[in-house]
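Inspection log for the structure reproduced underneath, given as structure tokens.
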Number of protein chains: 4
Amino acid sequence: MKTGMTHLFIPGPTNVPEAVRRAMNVCMEDQRAPDLGELTIPLFADLKKVMKTTSGEVLLFPSSGTGMWEAAITNTLNPGDKVLMSRFGQFSHLWVEMAQRLGLDVEMIEVEWGQGVPVETYEQRLKADTSHQIKAVFATQNETATGVQSDIAATRAAMDAANHPALLFVDGVSSIASIDFRMDEWGVDCAVTGSQKGLMLPAGLGVLGVSQKALEAAKTSTMRRAYFEFNDQLALNKDGYFPYTPPIQMFHGLRASLDLIFQEGLENVFARHYRLAEGVRRAITAWGLRTCAVEPKWQSNTVTAIMVPETVDARDVIKYGYTRYNTSFGTGLSKVAGKVFRIGHLGDLNEVSCLAALASAEMSLRDAGAMIVPGSGVGAAQEWYREAHAESVMVAAE
Amino acid sequence: MKTGMTHLFIPGPTNVPEAVRRAMNVCMEDQRAPDLGELTIPLFADLKKVMKTTSGEVLLFPSSGTGMWEAAITNTLNPGDKVLMSRFGQFSHLWVEMAQRLGLDVEMIEVEWGQGVPVETYEQRLKADTSHQIKAVFATQNETATGVQSDIAATRAAMDAANHPALLFVDGVSSIASIDFRMDEWGVDCAVTGSQKGLMLPAGLGVLGVSQKALEAAKTSTMRRAYFEFNDQLALNKDGYFPYTPPIQMFHGLRASLDLIFQEGLENVFARHYRLAEGVRRAITAWGLRTCAVEPKWQSNTVTAIMVPETVDARDVIKYGYTRYNTSFGTGLSKVAGKVFRIGHLGDLNEVSCLAALASAEMSLRDAGAMIVPGSGVGAAQEWYREAHAESVMVAAE
Amino acid sequence: MKTGMTHLFIPGPTNVPEAVRRAMNVCMEDQRAPDLGELTIPLFADLKKVMKTTSGEVLLFPSSGTGMWEAAITNTLNPGDKVLMSRFGQFSHLWVEMAQRLGLDVEMIEVEWGQGVPVETYEQRLKADTSHQIKAVFATQNETATGVQSDIAATRAAMDAANHPALLFVDGVSSIASIDFRMDEWGVDCAVTGSQKGLMLPAGLGVLGVSQKALEAAKTSTMRRAYFEFNDQLALNKDGYFPYTPPIQMFHGLRASLDLIFQEGLENVFARHYRLAEGVRRAITAWGLRTCAVEPKWQSNTVTAIMVPETVDARDVIKYGYTRYNTSFGTGLSKVAGKVFRIGHLGDLNEVSCLAALASAEMSLRDAGAMIVPGSGVGAAQEWYREAHAESVMVAAE
Amino acid sequence: MKTGMTHLFIPGPTNVPEAVRRAMNVCMEDQRAPDLGELTIPLFADLKKVMKTTSGEVLLFPSSGTGMWEAAITNTLNPGDKVLMSRFGQFSHLWVEMAQRLGLDVEMIEVEWGQGVPVETYEQRLKADTSHQIKAVFATQNETATGVQSDIAATRAAMDAANHPALLFVDGVSSIASIDFRMDEWGVDCAVTGSQKGLMLPAGLGVLGVSQKALEAAKTSTMRRAYFEFNDQLALNKDGYFPYTPPIQMFHGLRASLDLIFQEGLENVFARHYRLAEGVRRAITAWGLRTCAVEPKWQSNTVTAIMVPETVDARDVIKYGYTRYNTSFGTGLSKVAGKVFRIGHLGDLNEVSCLAALASAEMSLRDAGAMIVPGSGVGAAQEWYREAHAESVMVAAE
């Protein structure tokens with residue numbers, strides 16, 4: 001029988017803070033109560049701060065993040081529209097697949113798994129598209145399957161260099177609220193995320209940032225849609241209401257999680273994610289292994305995909321972690337199945353929790369046949385965390 | 001400052017039982033854990049029992065019930081398909097609107113608000129449709145806005161009398177798990193419900209029953225869809241998984257609510273809903289008022305819409321209930337705004353809670369200017385509840 | 001099977017507010033953590049406000065209120081000390097019994113159940129005690145068994161009139177935080193209460209107010225004691241710590257309940273208790289019944305003991321309430337068993353909840369054979385609540 | 001700002017399992033409800049199983065464990081009775097102090113801190129006490145302050161060798177339900193424990209096992225007592241009730257924790273405590289440090305007190321653990337203040353949690369100036385846990 005806590009190190013759903021769990025444990029309420037807006041209206045305002053937009057809107061749907069991919073597409077594009085996408089992991093792959101199902105004409109750039117958005121290629125294609133057939137550019141800021149972070153500022157720069165008017169859609173599901181995201185500065189038109197990652201909530205609430213340009217496009221879009229219709233939401237959201245029964249318990253949780261984020265400070269949240277992730281990377285180096293992200297610039301601060309030695313099946317690492325050591329690691333999906341296991345290190349975590357993940361990974365790796373030195377990764381990460389703490393104290397003292 | 005509990009008598013979200021609240025208060029889990037199916041697979045099986053289907057399937061989406069309307073349409077029909085619908089309240093109205101938005105050719109029967117599905121007219125239209133242009137027949141089993149219950153068995157009988165092959169879609173959002181629903185016996189092809197009504201959960205989980213005939217139709221349907229695609233769900237559900245992060249906390253809650261339902265017994269749940277509703281109706285009679293449902297056969301066992309005297313604005317009743325007596329009643333929507341207020345009496349309730357609702361309604365009605373006798377409705381309902389209890393004891397003793 | 005909530009109308013444990021339940025649902029913490037005092041020190045300060053003392057101290061023990069009776073006695077008195085007590089209900093009876101067990105010489109005044117502290121008799125005895133053999137005077141502010149409220153100010157006045165130096169001990173278990181209590185003004189030396197009444201917490205935390213005079217007496221008291229030793233607490237409390245593992249979850253709950261009390265305003269809390277209690281009394285009059293408290297001046301604002309007609313067994317009322325209508329009423333204890341049932345109306349309640357209690361009582365009374373008119377009590381209470389609301393609005397408007 | 005969980009490694013309160021937290025989150029209930037015994041009566045029966053007694057009784061008080069020390073003494077002994085005690089840590093020290101305060105004549109054996117009950121000396125004293133002046137022998141099974149486990153079977157053997165009729169009192173606060181305890185077999189007359197250790201509940205419920213011999217002694221005991229009176233409890237417990245308002249929420253939690261214990265199997269719980277503790281000891285050896293327990297036979301399986309190097313202040317280790325790494329370690333109390341820090345490893349824990357404690361301890365030790373190798377302890381513990389897991393699989397396969 002399993003005892004104690006299950007150590008959860010998947011890249012979502014992430015660990016829900018106690019304060020958020022408490023906040024969600026509410027009696028049901030009337031979704032038409034005259035004072036509902038006191039709860040809901042500030043949520044929209046605060047989510048805009050998280051996305052760093054003042055001109056855009058944020059919408060909330062009872063949905064997973066996947067639904068937000070669809071909402072972005074069906075509200076702003078037209079059947080047959082050409083779009084520019086790239087694929088370098090399971091989630092960018094699924095987005096492409098959805099775009100095709102929804103009737104878009106996808107120009108898709110295949111990229112080696114381990115790299116991210118091919119900004120140079122994007123720029124070339126956009127420059128070549130002088131007739132502006134491309135209506136939207138898609139970028140996955142953080143490919144959860146490979147632990148690869150892409151450069152959205154550079155993506156915008158590529159569009160600007162081509163002087164291209166396409167919309168920019170960003171999948172920020174496993175980055176927003178954990179890694180810096182600047183909707184206005186980067187000119188993002190649809191920013192997709194979900195509740196169960198950096199927002200530290202259970203799954204079930206889709207969050208979508210939309211620019212004025214996206215809202216303008218929605219006026220003429222002829223795609224069929226109903227559930228994900230922007231206008232139904234916007235018409236009621238301004239008074240704090242919703243077109244169909246919203247999950248109010250999630251709103252209470254969101255209130256608590258936003259409070260935690262702002263108490264810590266958004267930039268401090270990002271710095272912490274870097275600090276924790278870097279500890280994991282130091283451990284990997286100490287083990288003599290490497291990340292799926294092929295260069296440091298691609299390494300994600302929210303999830304790390306670890307390449308196991310060739311003689312080892314990564315599925316064994318995950319299996320032993322779960323069955324023997326009560327730890328949930330992320331599995332390798334599709335192309336990298338058996339080759340990587342993933343440590344999610346986003347959301348509500350701290351140094352000692354990451355060390356627990358690494359200690360569990362060391363046991364699981366050794367059980368699976370990897371010849372790593374027990375304690376080596378944990379020790380290396382410890383030294384980094386001590387050093388980072390000392391530095392942070394110095395910075396604070398200045 | 002409000003003290004004590006808010007008395008919630010809206011027709012959804014309904015009061016979540018303590019056992020369900022407890023069950024939902026969980027740490028997050030890996031949605032790809034090898035043992036997830038131990039939780040999820042029985043949920044599908046048990047929901048089939050609730051819908052009374054052995055041949056169909058039940059699907060679960062992170063969505064409100066509204067999304068299930070869309071899932072039913074987009075998976076089984078084709079652009080431009082003709083469908084037969086009727087409108088007699090805000091929710092049947094919205095379903096018509098969605099069908100039109102999604103590109104269906106709606107043959108819509110307008111019915112006086114206070115009545116339900118016009119079975120005879122349906123039969124005529126279906127008999128007249130000898131070329132079988134009508135691809136689906138839509139029926140709202142319980143119109144939440146007016147407290148009107150329709151006869152689905154008779155709807156099926158009308159289709160059979162016409163020997164018509166159309167699909168039958170039923171909106172059971174505010175009826176399933178509270179009022180008898182027989183998916184197989186009535187030949188329902190898509191049965192729509194949500195988590196926040198008879199299933200006694202918070203909002204956020206859409207539940208859809210689909211027949212084999214509906215699944216067959218899905219194979220050739222050409223409507224654009226992605227998030228609500230049946231096949232993505234079905235391919236993974238059989239092993240207990242989902243195509244995107246599911247709200248696992250809701251599954252734990254659903255487990256607890258299904259346990260409660262089966263412990264009480266599904267037929268006992270229905271009997272209780274009748275018993276509680278009848279007490280409310282006795283009170284209304286004692287007040288000298290009447291229900292929006294124009295005949296007893298239309299009166300719903302899950303929600304009652306009460307017509308206020310002409311000199312009274314029903315919005316005042318609701319306002320005083322909320323601001324003075326900490327009670328949430330349902331408002332009158334659209335055509336009946338100001339004319340009715342609604343008492344939701346579905347889900348986790350008992351006699352004394354209904355009497356609380358009636359006592360609160362009496363004060364609110366009097367505050368709003370209605371000349372009813374204080375205690376009259378409560379007294380009438382009490383006598384019915386005592387009598388019903390005595391009868392139930394006699395039945396049990398036989 | 002029972003469905004819906006159990007309607008709890010006993011005089012403790014009382015209904016715990018949702019905010020308090022949430023606050024108590026915490027991970028365990030180190031009771032020696034350097035920052036524990038941030039939580040605990042303000043609790044002592046705020047409990048002093050509730051007891052209206054600035055010069056005294058408040059102590060917290062893992063214990064029921066009964067333990068606080070013992071703490072008061074064993075810390076301040078000496079074996080064989082003479083004390084003046086009165087008995088007019090089960091709880092004043094038990095306090096007498098404890099005093100005798102602990103070796104005190106109890107001068108006990110028997111009073112008819114239905115009356116309270118016999119202030120005139122107290123004054124006579126104290127005046128007669130010219131040698132000051134009486135070391136302490138005991139007064140039960142609210143006798144929970146009979147719903148009788150006593151006059152503590154008058155008790156103090158009697159002591160002052162006799163110019164008597166005895167300590168004054170008050171049992172405020174079912175009054176403090178619900179009915180006005182003025183520790184300093186009334187010269188109370190030991191004020192006993194528990195967590196599960198007006199403080200709206202679960203049982204388990206004993207709360208004791210002690211005056212400087214009591215603390216002085218503790219220095220020379222020779223009674224054997226250890227667990228309930230004042231000094232062990234006081235030595236550590238000032239830094240926010242405790243001599244043995246404290247129930248920290250209860251402290252979090254207490255924080256939340258004190259916040260609620262101060263948000264509402266202590267005087268408003270008292271006014272609400274009067275308002276709700278008066279509604280119950282109006283109902284009793286409408287039923288043609290009477291309270292156990294023999295005169296209005298003895299009627300408690302936290303609990304009402306209702307005399308049933310002679311032909312009725314009050315135990316049946318309680319039994320039917322519980323088994324048929326999911327309602328917990330308080331039973332008649334000892335001398336009044338079978339003659340009264342009690343409605344607790346203290347803590348986190350509102351008007352509609354009290355009406356639910358009355359509606360349930362009406363059904364239970366009728367089931368038990370009482371010839372009351374259904375709805376009569378509920379109707380009378382409704383009219384009072386409406387009137388009281390209108391008045392409160394007028395007062396606020398002035 | 002602290003993020004993520006606080007890692008709690010003190011020897012009580014221990015981590016409360018999620019299932020227990022959920023179970024405790026209940027609405028209040030009537031402590032006189034006719035069906036309360038369905039909850040409470042099995043608790044007494046199951047606690048007897050935990051204590052391994054069939055002939056004794058178990059009592060439950062709203063109290064900390066300290067109160068149970070007092071209950072044992074005041075119910076069974078007489079003022080001035082001679083008792084045999086030993087002192088080798090803060091908690092055995094406090095028990096001696098209580099016995100003296102309560103008026104016992106304590107024959108106290110001072111033992112070096114790091115050792116436990118001096119069984120040989122006990123035997124000598126008991127043999128010398130031919131007139132049987134010693135009425136009770138006290139033994140602390142697990143001295144929480146030093147991480148020292150004593151041999152209760154040997155204590156009983158010493159009493160038997162002296163053919164001595166004294167009562168045997170055992171402090172099992174930090175051992176019962178974690179380390180084997182055999183009340184009947186060892187002839188224990190009063191077995192003291194509390195809710196917040198091996199029973200995995202919050203603090204607040206005292207648990208006391210009493211033998212028939214102790215109950216017999218209670219009949220003639222003349223010590224003053226009231227709150228902790230055995231007979232008041234026993235008279236009501238048999239029907240499932242209590243002499244004063246019990247903390248029912250704790251009973252629900254106890255139900256859940258007993259279920260967990262029996263699901264795992266009591267002997268498996270003990271084996272797990274050994275396995276986890278041994279990992280901590282392997283780490284200490286790898287660090288080049290030693291435990292406060294001076295010999296392996298004294299080493300406790302529930303808490304380890306670690307001697308820091310002479311140049312290090314153990315208070316710094318604890319301070320850095322708490323302020324930098326969100327970890328609560330136990331402090332050194334009294335004589336060993338500054339010399340030891342403690343890791344509590346009892347209750348609801350698993351291997352990876354213990355590794356987290358060790359990783360945090362390594363960082364904290366290094367921050368405090370200890371020259372240990374980072375990762376060395378964690379690595380050593382990992383190898384033990386892997387080995388222990390492999391062995392357990394082999395045992396299970398046989």
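Heavy atoms only: backbone and side chains are in, while hydrogens, waters and symmetry mates are out. Below, chains carry the letters A, B, ... as their sequence lines are ordered, and counting in each starts from 1.
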So for A:N15, is it side chain, backbone, both, or neither that comes closer than 4.5 Å to the heavy atoms of chain D?
neither

Contacting moiety of A:S376, where chain D heavy atoms sit under 4.5 Å
neither

So which part of A:Q263 gets closer than 4.5 Å to some heavy atom of chain D, the side chain, the backbone, both or neither?
both

Ring-face cation contact, A:F262 with A:K49, 6.0 Å cut, 45° max:
yes

Side-chain touch D:I318/D:Y320, heavy atoms, less than 4.5 angstrom:
no

Let's go through A:E18 and D:R21 carefully: what are the C-alpha distance in whole Å and the side-chain angles of both, what is the deciding distance for salt bridge (Lys or Arg N to Asp or Glu O under 4.0 Å) to 0.1 Å, and is it a yes or a no?
CA-CA 12 Å; A:E18 285 287 326; D:R21 285 181 60 185; 2.7 Å; yes

Salt bridge flag under 4.0 Å for residues A:E362 and A:R366
no

Max heavy-atom pair count under 4.5 Å with chain D, selected residue of A:L358, A:V352, A:T327:
A:V352

Residues D:K319, D:D313; criterion salt bridge (Lys or Arg N to Asp or Glu O under 4.0 Å); working and verdict
CA-CA 10 Å; D:K319 181 180 71 182; D:D313 187 332; over 6 Å; no

From A:L346, A:T302, A:L349, residue fulfilling side-chain contact (heavy atoms from CB on, under 4.5 Å) relative to A:T14
A:L346

Considering only heavy atoms and a distance below 4.5 Å, find which of D:L260, D:N350, D:D348 pairs most often with chain A.
D:N350

Most chain A-contacting option - heavy-atom pairs closer than 4.5 Å, from D:M363, D:R386, D:E351, D:E264:
D:R386

Ranked by heavy-atom pairs below 4.5 Å to chain D, first place among A:N25, A:D367, A:V378 goes to A:D367

Among the listed options D:P17, D:S353, D:S360, the residue most often paired with chain A at heavy-atom distances under 4.5 Å:
D:S353

Do you know which of A:A356, A:G347, A:P374 has the most heavy-atom pairs under 4.5 Å to chain D?
A:P374

